[in-house]
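Notes follow once the structure below has been shown.
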Amino acid sequence: MNNNEATLMAKHVGFWRVVFNFGLSLRTQIYGEGKLSDSKVLNEVKKVLTNHVKKQPKFVWMNQLSSRVYQNALIDLKDAFSRYRSGKAGYPKFASRRGGI
């Protein structure tokens with residue numbers, strides 16, 4: 001792997017982390033407002049990310065990376081909540097660089 005590939009991979013991992021954490025934050029806020037299913041809430045999170053966040057100058061860099069990373073971060077978040085609800089894991093935690101992601 002050369003430096004360009006390593007840099008691109010690091011950007012995608014960072015993108016995944018930003019989307020996962022943003023989704024977790026919104027999911028926690030929305031859940032407090034009412035009882036909605038994880039699927040409905042994550043669809044709303046996706047709409048907010050796509051229609052508002054990615055259009056802000058601060059987040060324009062997101063449009064330069066693969067949308068698969070974005071989609072997988074939200075799928076991973078949904079799976080984390082599914083594991084939490086089934087008792088297989090604790091409440092999802094924010095992803096950090098120190099946590100290996």
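Of the possible donor and acceptor atoms, none in the side chain of His12 sits under 3.5 Å from a partner among the backbone N and O of Leu65. With Gln56 contributing its side chain and Val53 its backbone, the two residues share no donor-acceptor pair below 3.5 Å. In terms of modelled atom types and a separation under 3.5 Å, the side chain of Thr50 and the main chain of Lys47 share no donor-acceptor contact.
No single ILVMFWY cluster, assembled from side-chain heavy atoms under 4.5 Å apart, contains both Ile75 and Val13. Linking Ile, Leu, Val, Met, Phe, Trp and Tyr residues whenever their side-chain heavy atoms come within less than 4.5 Å places Tyr84 and Val45 in a single cluster.
Taking 4.5 Å as the limit, some side-chain heavy atom of Arg97 sits within range of a side-chain heavy atom of Arg17. Here the side chains of Phe59 and Leu49 are not in contact, with every heavy-atom distance at 4.5 Å or above. Looking at Val19 and Gln71, their side chains never come closer than 4.5 Å, going by heavy atoms from C-beta outward. Lys46 has its side chain out of reach of Leu42: every pair of non-hydrogen atoms, C-beta onward, lies at least 4.5 Å apart.
With sequence neighbours excluded, the residues forming a side-chain hydrogen bond (donor to acceptor under 3.5 Å, both in side chains) with Ser39 are Lys78, listed by chain and number. A search for side-chain hydrogen bond (donor to acceptor under 3.5 Å, both in side chains) contacts involving Ser67 returns nothing, not counting sequence neighbours. Asp76 is linked by a side-chain hydrogen bond (donor to acceptor under 3.5 Å, both in side chains) to Trp16, counting only residues two or more places apart in sequence or in another chain.
Between Phe20 and Ala73, the closest heavy-atom pair is CD1-O, 3.7 Å.
In this structure, CG on Asn21 lies 15.5 Å from CZ on Arg27, to the nearest 0.5 angstrom. To the nearest 0.5 Å, atom CD of residue Gln64 and atom NZ of residue Lys11 are 7.0 Å apart. With values rounded to the nearest 0.5 angstrom, Leu8 atom CG is found 12.5 Å from Asn3 atom CG. The distance from atom CG of Asn72 to atom CG of Leu77, rounded to the nearest 0.5 Å, is 12.5 Å. Here the straight-line distance linking atom CG of Leu24 with atom CG of Leu74 works out to 11.0 Å at 0.5 Å rounding.
Ring geometry, Tyr70 versus Phe15: the interplanar angle falls under 30°, so the pair is classed parallel (tilted spans 30 to 60°).
The aromatic ring centroids of Tyr91 and Phe81 lie less than 6.0 Å from each other.
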